[in-house]
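First comes the structure, then the notes that go with it.
From a predicted model like this one, the values you see are computed outputs, not experimental measurements. Reminder, nothing fancy here: chain letters follow the sequence lines and each chain counts from 1. Below, all heavy atoms of this structure are taken into account, side chains as well, without hydrogens, waters or symmetry copies.
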2 protein chains.
Amino acid sequence: MRKGQLTRQAILQRAVQLASKVGLAGLTIGTLADDLELSKSGLFAHFQSKEALQLKTLEFAAASFVDLVVRPALAAPRGVPRVRAVFESWLDWPRRDPLQGGCFFVAAASELDDRPGALRDRLVAMQKDWLELITNTVRTAILEGHLHPALDPEQFAHDLYGIMLAYHHASRLLADPEAERRARRAFDRLLLSARSAPSGN
Amino acid sequence: MRKGQLTRQAILQRAVQLASKVGLAGLTIGTLADDLELSKSGLFAHFQSKEALQLKTLEFAAASFVDLVVRPALAAPRGVPRVRAVFESWLDWPRRDPLQGGCFFVAAASELDDRPGALRDRLVAMQKDWLELITNTVRTAILEGHLHPALDPEQFAHDLYGIMLAYHHASRLLADPEAERRARRAFDRLLLSARSAPSGN
DNA sequence: TGACAGAACGAACGATCGTTCTAAATTAGG
DNA sequence: CCTAATTTAGAACGATCGTTCGTTCTGTCA
């Protein structure tokens, strides 16, 4: 009853790595089994279908994101420092989890944005949770008096997401060495306008 | 000698639509042939390999993007109006090409960002061209005196890309009805800081 | 109209997909 | 240590993948 859980974890960990390269749909039980030196059927037995494997993989990736990115960021003091910590922690994610190729969720998002089903529903819920957490962090910063009262926290979260997506695009696809500097500049500008500008957003 | 080219075009058009949903890797000769009511081998004969088909599909999508988005935008008067036209034209893309599900290039980018090869190389070149075109448009706006001389045009292009990626994410995956408004607000803020702020970027 | 090139087809290939079954190996508890 | 339960392996399934082959249509131009 213990050994099973162990290999299950190992399978999921490898599945996340693999899916971050080839996507959730590109995941293949055969190659996954070969990578782990398991038999196809042996691996399959742990899940009852491929979709179940994909779903568990999605959950596993989310849990690891929370551990590596979200939780550390929330340790920062409330207000702008925590907002900044979210950004820095997020930006630092590739270094904290160096096994992956590209962001798992970016891959999943572009795959699932047109394929209804349980997988998509789960991913959407996750993304909304994450956006809401950012929104609340910003909202707190407003209440602390760190950011302008007229600031729209949801717009801030949306814009921050865009910064991260652009960073991913520039660094992963274009291999732009300036990607990180660009992301920091964009974030600084976002934060600056959030401090004092009622017009911006 | 004429009939062939015609069906070739039809194949590629359908391929772009399909690939915007399932990705370039998810493209399947069998399903594509069924969709077009062609035989698998008949379709295959037009290209000599699947990778060739994918490459041609990529080229076709790029050409259509130029026709529908780039060219109209460049008709606007130089300077900020043209910058704004690029944004508006880009944002309006889904309405101009309503057949697609999600952005073809977003799907391709997240698929190919970790898979070296001719496909990736071509896509990277395209993206760089597009970014460079935006950069030059911005640069012109600076020379016209519309934007601040200290503005970094490449950063502007990068940030604009982020806005579009966030828009795509919000509208496609999250089905957020505010997506377009959010994109407009982000663009306005970007443009505002580009007009007068030497600090932002 | 006849001839020839080009376009489309149908069948088949080896490989791999997800999945199912049964048997063997391994593990855990009494 | 033995037994029962769990975990893995192996073989096979129907389907589909990309690709090849030879053949049959179908347009095009002399």
Side-chain angles (χ1 to χ4, degrees), chain A residues 1-19 21-60 107-108 111-112 115-120 122, chain B residues 1-19 21-60 107-108 111-112 115-120 122:
Chain A
M1 186 134 30
R2 196 136 66 275
K3 177 72 155 32
Q5 282 288 347
L6 210 70
T7 56
R8 246 171 92 111
Q9 294 276 110
I11 291 171
L12 290 177
Q13 183 173 335
R14 190 84 191 87
V16 171
Q17 291 175 33
L18 229 146
K21 294 184 186 164
V22 299
L24 267 177
L27 252 192
T28 255
I29 295 182
T31 60
L32 190 55
D34 283 357
D35 268 30
L36 293 159
E37 294 183 321
L38 284 180
S39 68
K40 233 177 26 153
S41 53
L43 190 153
F44 184 87
H46 284 274
F47 316 88
Q48 287 74 10
S49 71
K50 186 184 182 184
E51 198 183 4
L53 165 64
Q54 291 173 317
L55 211 56
K56 295 285 184 187
T57 303
L58 187 58
E59 300 289 351
F60 193 87
E111 284 186 72
L112 297 174
R115 268 177 276 189
L119 268 175
R120 184 203 146 106
R122 192 70 192 90
Chain B
M1 187 133 30
R2 197 137 65 273
K3 178 74 158 23
Q5 282 288 347
L6 210 70
T7 57
R8 245 171 94 111
Q9 294 277 108
I11 292 172
L12 290 177
Q13 184 175 336
R14 191 84 190 89
V16 171
Q17 293 176 33
L18 229 144
K21 293 184 187 166
V22 299
L24 267 177
L27 252 192
T28 256
I29 296 182
T31 59
L32 189 55
D34 283 357
D35 267 30
L36 293 157
E37 293 183 322
L38 285 181
S39 67
K40 238 178 21 157
S41 53
L43 190 154
F44 184 86
H46 284 274
F47 317 88
Q48 287 74 9
S49 69
K50 186 183 182 183
E51 197 182 5
L53 166 65
Q54 292 172 316
L55 211 55
K56 295 286 184 188
T57 302
L58 187 57
E59 299 290 350
F60 193 87
E111 282 186 71
L112 297 173
R115 269 178 275 187
L119 267 175
R120 183 203 147 107
R122 192 68 192 89

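Residue B:L27 is in sugar-phosphate contact alone, with no base atom involved, counting any heavy-atom pair closer than 4.0 Å across all strands shown.
Listed by chain and number, the residues in a salt bridge (Lys or Arg N to Asp or Glu O under 4.0 Å) with B:R120 amount to none (sequence neighbours excluded). By the salt bridge (Lys or Arg N to Asp or Glu O under 4.0 Å) test, B:E51 is found to be paired with no residue, residues two or more places apart in sequence or in another chain being considered. Taking B:Q9 as the reference, nothing meets the side-chain hydrogen bond (donor to acceptor under 3.5 Å, both in side chains) condition, with sequence neighbours excluded. With sequence neighbours left out, the side-chain contact (heavy atoms from CB on, under 4.5 Å) criterion links A:R115 to A:A25, A:E111.
Rounding to whole angstrom units, CG of residue A:L32 and P of C:dT19 are separated by 13 Å. If you measure from atom CD1 of A:I29 to atom C1' of C:dT20, you get 12 Å, rounded to the nearest angstrom. Rounded to whole Å, the distance from CZ on B:F47 to P on D:dC17 is 17 Å. Put simply, CG on B:D34 is 15 Å from P on D:dA15, counting in whole angstrom units. Atom pair A:K50:NZ and C:dG18:C1' shows a separation of 8 Å (rounding to whole Å applied). Atom CZ of A:R8 is separated from atom P of D:dT8 by 11 Å (rounded to the nearest Å). Between B:L6 atom CG and D:dG27 atom C1' there is a gap of 13 Å when expressed in whole angstrom units. In this structure, CD1 of B:I11 is placed 11 Å from P of C:dA7, rounded to the nearest angstrom.
A donor-acceptor distance shorter than 3.5 angstrom exists from the side chain of B:S39 to the backbone of B:G42, with no hydrogens or angles considered.
Relative to the side chain of B:T7, the nucleotides C:dC17, C:dG18, C:dA8 differ in distance, and C:dA8 lies closest.
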For residues 10-18 of chain A, which side-chain donor-acceptor pairs fall under 3.5 Å, sequence neighbours excluded?
residue: A:R14; atom: NE; partner: A:D35; partner atom: OD2; Å: 3.2
residue: A:R14; atom: NH1; partner: A:Q17; partner atom: OE1; Å: 2.9
residue: A:R14; atom: NH2; partner: A:D35; partner atom: OD2; Å: 2.6

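At D:dG18, none of the side-chain N or O atoms of B:S49 fall inside 4.0 Å of OP1 or OP2 (strictly under the cut-off).
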Would you check, one step at a time, whether the test side chain to side chain contact (heavy atoms under 4.5 Å, CB included) holds for A:K56 with A:E59? CA-CA 5 Å; A:K56 295 285 184 187; A:E59 300 289 351; 5.5 Å; no
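Residues from residues 35-46 of chain B placing a heavy atom under 4.0 Å of any atom in DNA chain C, listed by number, are B:E37, B:L38, B:S39, B:S41, B:G42, B:H46.
Map A:T28 and A:Q48 each onto its nearest nucleotide of DNA chain C; the residue landing nearer the 5' end is A:T28.
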